[in-house]
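All remarks here apply to the structure that follows.
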Amino acid sequence: MLLPWELLILLSFKDCLAERNTRHGPVFSQEPSDSIFPLSFEDNKVFINCKAKGNPAPYYKWKVDGREIDMDLNYNLVEGNLLINNPHATHHGGVYQCIATNTFGTIVSKEAKVQFAYLQNFSRKPRNTVSVREGQAVVLLCGPPPHNGEIKYSWVFNRRPSFLLQDTRRFVSQRTGNLYIAKVEASDVGNYTCVVRNMMTNATVYSSPTPVELRRDAVMAEYEPKIEVQFPESLHVTKGSSVKLECFALGNPVPAITWRRTDGNPLPGKMKINHSNGVLEIPYFRPEDAGAYECVAENSRGKNIAKGQLIFQSMITLKDAHMAIEANLQWECRASGKPKPVYRWLKNGEPLVLEVRMTTEFECVIVINLLDSGMYQCLAENEHGAIYASAELKVVASAPDFSKSLVKKSMLIQRGGEVIMECRPHASPRASISWRRGGEFLKDSKRRTIMEDGTLRISNISESDGGRYTCVARNPFGTSSSTGTLVVKEPTKITVPPLSVDATVGQSIVLPCEVSRDSSLDPTFKWFFNGKLIDFNKQDHFEMIGGESAGDLMVRNIQLKHSGKYVCMVHTVVDSVSAAADLIVRGPPGAPEGLMVGEITDSSAQLSWGSGPDNHSPVTTYTIQARTPFSIGWQAVRTVPDSVPGQMFHATVIDLNPWVDYEFRVVAINNVGVGEPSMQSKQIRTKAAVPEVAPGNVSGGGGSRGELVIQWEPIPEELQNGEEFGYIVAFRSLGTTTWKQTVLASPDASRYTFRNDSIPPLSQFEVKVGVYNKEGEGPSSHVVVVYSAEEEPSVPPSRVLARTLSASEIEVYWEPIPQTASSGKIIGYEVLCWEEGVQESDAEMVKVTDTVALLSGLMGSTLYLISVRAQNSAGAGPSSPAVNVTTKKPPPSQPPGNIEWNLTNSKIFLKWEHVKAMGNESEVTGYKVVYRQNWLGKSSVVETNRTSVELQVPSGDDYLIEIKVLSGGGDGSSSGPIRIPKMSSKR
């Protein structure tokens with residue numbers, strides 16, 4: 001059981017010992033704690049824990065209510081634990097304390113209160129009726145009977161078998177047992193019974209019912225929340241314990257409960273919120289859980305807040321002490337609580353005698369003597385309880401001993417340097433120290449000093465100071481000494497130090513570092529760059545070169561990042577020396593900064609910027625680049641001034657296109673090279689202007705009769721200079737003075753057709769095309785001459801002849817029309833073909849440029865009508881009279897069958913069955929044999945009027961062979977591929 005929250009508990013546990021075999025006094029690893037036991041359980045025994053570590057192992061005694069317990073039938077020791085047999089509440093309840101003792105002393109545990117659980121019955125006296133208005137709040141008091149041990153409260157409504165469920169409107173406090181109803185409803189009328197259960201004995205008792213009735217005189221109006229159940233303003237919590245905070249509010253409407261930390265930090269993730277937010281539980285309390293918590297109750301009429309502080313109980317330990325005789329020891333022990341705690345000090349379980357010790361409110365100061373060894377405890381207590389902190393004091397008395405702190409056996413020092421020789425023997429009391437060199441004891445001099453702690457200091461070392469030095473230590477218990485040798489070496493000096501140097505990006509340099517040294521010493525070279533050691537295994541740019549007395553640094557392919565301070569440090573076992581140099585790396589400038597766009601016109605923009613790093617080479621000039629949605633990447637632009645000097649940070653960009661989106665950037669240049677560009681500016685748009693560029697490549701001609709077709713290249717978007725861009729097309733007959741104009745509002749237009757049936761074919765017109773936008777009209781193109789459309793041919797082709805080639809093909813011939821029959825050049829002919837009974841308008845058309853045409857894909861045994869008409873750029877002329885022609889019967893549909901083949905040497909003999917045509921098919925005139933090597937080889941064809949054939953083929957490959965029927969209607973069906981395996985080349 002934890003002490004009450006009002007007491008800030010003092011940590012009283014001793015640190016765990018690092019070495020198991022170290023002899024030491026007792027230390028509690030487990031102490032008794034306040035406990036409540038049921039009187040009736042299976043083995044009828046009570047077990048109180050106590051365990052201590054110590055070497056030698058401690059033995060135990062127990063006290064109850066200040067009296068030492070005699071072990072008998074009722075009390076037994078199990079190791080250090082106390083076992084009570086057949087416990088009785090009257091005889092065995094009380095305050096118990098464990099005492100642990102070994103040869104080093106005695107410690108007492110904290111006191112533990114032992115009680116026995118019980119639960120008495122409620123009074124049978126009837127409870128008064130509670131009258132309440134609807135919408136009002138009510139609190140029903142439980143008034144639990146006398147009890148001891150953990151209690152759980154519940155309520156029963158109208159003697160129902162199940163407990164009343166808690167929700168946002170109803171809450172049962174586990175601190176008081178009272179039932180809180182935030183807002184009474186008509187369904188709440190009835191009898192309420194408080195149920196109390198002892199969690200240790202499982203005993204349960206029921207109160208008399210409390211009747212609740214509804215008053216009919218009025219209904220309660222809405223009101224803001226009133227927090228009726230709240231947690232303490234401050235609560236002291238120990239590490240690992242569990243905290244439960246209760247909060248419930250009355251109100252109409254029913255208030256909503258939320259929790260938060262006042263410092264804004266999130267609630268602990270392990271937190272649990274129960275009973276519709278009325279209980280906040282934080283298990284396994286840690287230091288980070290400490291702080292101020294708030295419960296917020298809120299409804300539509302307002303809100304109310306309850307606050308409380310959870311305070312983590314920090315504890316201070318006492319540390320074991322090993323002290324020499326006559327030394328001063330001070331222990332400090334602090335605790336806090338309400339009321340303020342009182343302190344007592346114990347030695348070996350007994351009060352410390354104040355006459356021979358000086359103690360303050362929380363301090364113990366001891367002037368050590370041999371009899372002070374033992375176990376000490378600080379006891380902090382108030383009305384709520386007590387807590388202990390323990391430590392062991394060992395008083396040490398011994399002769400000087402160098403076994404763990406010998407004088408350094410050999411000391412190397414450079415000539416002119418300083419040496420510190422420590423002499424720190426273990427002795428109690430402290431030893432007096434003297435030094436001797438050889439057989440001569442040393443005294444303080446100008447260069448030689450024996451300090452208060454026994455250390456020998458020699459400055460400005462010379463070769464004559466070398467030799468053996470002995471430290472002699474004495475105290476009342478004996479004398480001891482330790483000897484070391486001082487060896488003097490020549491100092492190390494840097495003879496060729498690195499020098500500060502300038503370099504350009506991409507160069508390589510060497511920073512020298514050569515030394516003179518004692519010949520018996522091996523120097524170690526290290527290089528530092530801007531304070532950091534250079535790791536040559538991880539650096540591609542750095543390499544150390546040189547011999548035994550040199551450690552030069554080579555820097556390859558220098559970059560801007562290599563600017564800085566370089567330090568060469570040389571170590572020997574005796575001394576260290578260093579020399580530094582600065583490397584300045586000059587490179588192309590860094591990117592200019594803060595690019596801004598100022599005043600903008602239709603063709604210019606003012607820019608300003610700030611200088612970037614010049615990388616140790618002043619900027620000589622700036623160039624400005626621009627990018628538009630129409631450009632390919634960044635392009636240099638013209639500026640005023642034409643060349644921007646490095647000391648100028650503004651310029652005007654000129655010759656920009658109006659009404660175009662631009663981004664700008666600035667590039668700095670110095671004597672080393674061209675730097676990185678600045679960040680691009682915010683995109684801007686130049687102002688609009690009248691178009692300045694006229695359309696190009698104006699031409700025309702063609703079209704249908706009575707048309708004048710005019711064409712031009714459209715103006716690119718970046719040259720349109722503004723919104724509502726379009727074209728003005730003007731034309732007039734050659735030799736006239738009046739222009740006809742039309743406006744095309746589309747910026748993508750590139751063609752205009754003027755139609756007038758009265759225009760003679762191939763009439764000459766003067767034509768020009770202008771531009772305009774919202775700002776006004778721009779220039780027009782040069783005037784060009786364009787011809788109007790031709791007239792269609794006036795006569796049809798003559799002497800049209802047609803002959804059938806097969807069941808699917810017809811060949812057509814005709815005479816060309818005379819040149820006089822067309823105002824322009826004949827560009828071709830259209831051949832129309834349609835079946836008998838089909839309209840000419842539905843005819844299939846074949847276009848050719850010659851006076852012969854092959855019509856294919858026709859149906860066999862079908863009558864076709866054919867006519868031809870000439871065509872020029874104006875269109876097609878009249879059709880010739882239709883001629884009739886009938887296609888041949890279709891070829892036999894039956895393929896050659898019963899094919900046999902024989903392979904001999906390089907000859908293939910094929911034989912098949914004759915195919916007989918059906919009545920509606922063309923007669924068989926012969927056969928076609930198609931053969932090729934493999935699937936991809938070139939095909940060869942042999943035609944024959946027989947039903948067999950001999951093929952001469954080379955050996956060594958597979959062949960594929962097909963046989964088709966030949967007829968007047970064309971090729972018949974194929975036999976399908978026949979595969980003949982490759983044959984041997986041997987004969």
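None of these values were measured; they are calculated from a predicted model.
Around atom NZ of K493, no more than 12 heavy atoms belonging to other residues, nucleotides or ligands sit under 6.0 Å away. In this structure, M554 places its CE atom where more than 12 heavy-atom neighbours from other residues, nucleotides or ligands lie under 6.0 Å away. Counted within 6.0 Å of CD on E676, heavy atoms from surrounding residues, nucleotides or ligands total 12 or fewer; the atom is thus considered open. Heavy-atom neighbours of M271 CE from other residues, nucleotides or ligands within 6.0 Å: above the threshold of 12. The neighbour count for K394 NZ, taken as heavy atoms of other residues, nucleotides or ligands under 6.0 Å away, is above 12. Dense packing is recorded around CD of Q635, with more than 12 heavy atoms of other residues, nucleotides or ligands lying under 6.0 Å away. Counting non-hydrogen atoms of neighbouring residues, nucleotides and ligands closer than 6.0 angstrom, the CZ atom of R685 exceeds 12 such neighbours.
A salt bridge does not link K408 to E422: none of the charged side-chain nitrogens sits closer than 4.0 Å to a carboxylate oxygen. Salt bridge R517/E548: present, at least one basic N to carboxylate O contact under 4.0 Å.
Residues R447 and I461 come closest through the heavy atom pair NH1-CA, 4.3 Å. Pairing each heavy atom of N475 with each of S398, the nearest pair is ND2-O, 2.8 Å. Taking both residues in full, the closest heavy atoms of G590 and A668 are given as O-CB, 4.3 Å, listed atom of the first, atom of the second, then distance. Closest approach of R457 to I420, counting heavy atoms only: CG-CD1, 3.5 Å.
Side-chain atoms of S508 come within 3.5 Å of backbone N or O of N557 as a donor-acceptor pair. Under the 3.5 Å distance criterion, the side-chain polar atoms of H541 are matched with a main-chain donor or acceptor of R556. Using a distance-only test at 3.5 Å, with no hydrogens or angles considered, a donor-acceptor pair links the side chain of T686 to the main chain of N657. Formation of a donor-acceptor pair under 3.5 Å by the D552 side chain with backbone atoms of C513 is found in this model. When atom types are taken as modelled, the side chain of D575 and the backbone of T492 share a donor-acceptor pair closer than 3.5 angstrom. In terms of modelled atom types and a separation under 3.5 Å, the side chain of T620 and the main chain of I669 share a donor-acceptor contact. Looking at W435, its side chain does come within 3.5 Å of a backbone N or O of G454 through a donor-acceptor pair. Checked by atom type and distance alone, the side chain of T470 never pairs as donor or acceptor with a backbone atom of S482 at under 3.5 Å. A donor-acceptor distance shorter than 3.5 angstrom exists from the side chain of R437 to the backbone of G466, with no hydrogens or angles considered. Put simply, the side chain of S678 gets close to the backbone of V666: a donor and an acceptor are under 3.5 Å apart.
Ring centroids of F536 and W527 are separated by 6.0 Å or more, keeping the two rings apart. Annotation: Y566 is in aromatic contact with F529 [ring centroid separation under 6.0 Å]. A distance of 6.0 Å or more separates the ring centres of H571 and F525.
R665 and Q625 share a side-chain donor-acceptor pair at under 3.5 Å. In this structure, a donor-acceptor pair under 3.5 Å is present between the side chains of S520 and K489.
Screening residues 391-464 for disulfide (SG to SG under 2.5 Å) gives C423-C471 as the qualifying pairs, with residues at least two apart or on separate chains.
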Distance-only donor-acceptor pairs under 3.5 Å for side chains of residues 438-445, two or more places apart:
| residue | atom | partner | partner atom | Å |
| --- | --- | --- | --- | --- |
| D444 | OD1 | I450 | N | 2.8 |
| S445 | OG | R448 | N | 3.2 |

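Every residue two or more places apart in sequence or in another chain that forms a ring-ring contact (aromatic ring centres under 6.0 Å, His included) with W259 is listed here: F231.
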Which is it for D289 and K270 under the salt bridge (charged side-chain N to carboxylate O under 4.0 Å, His left out) test, yes or no, and what are the steps along the way?
-> CA-CA 10 Å; D289 298 329; K270 60 189 175 183; 2.7 Å; yes

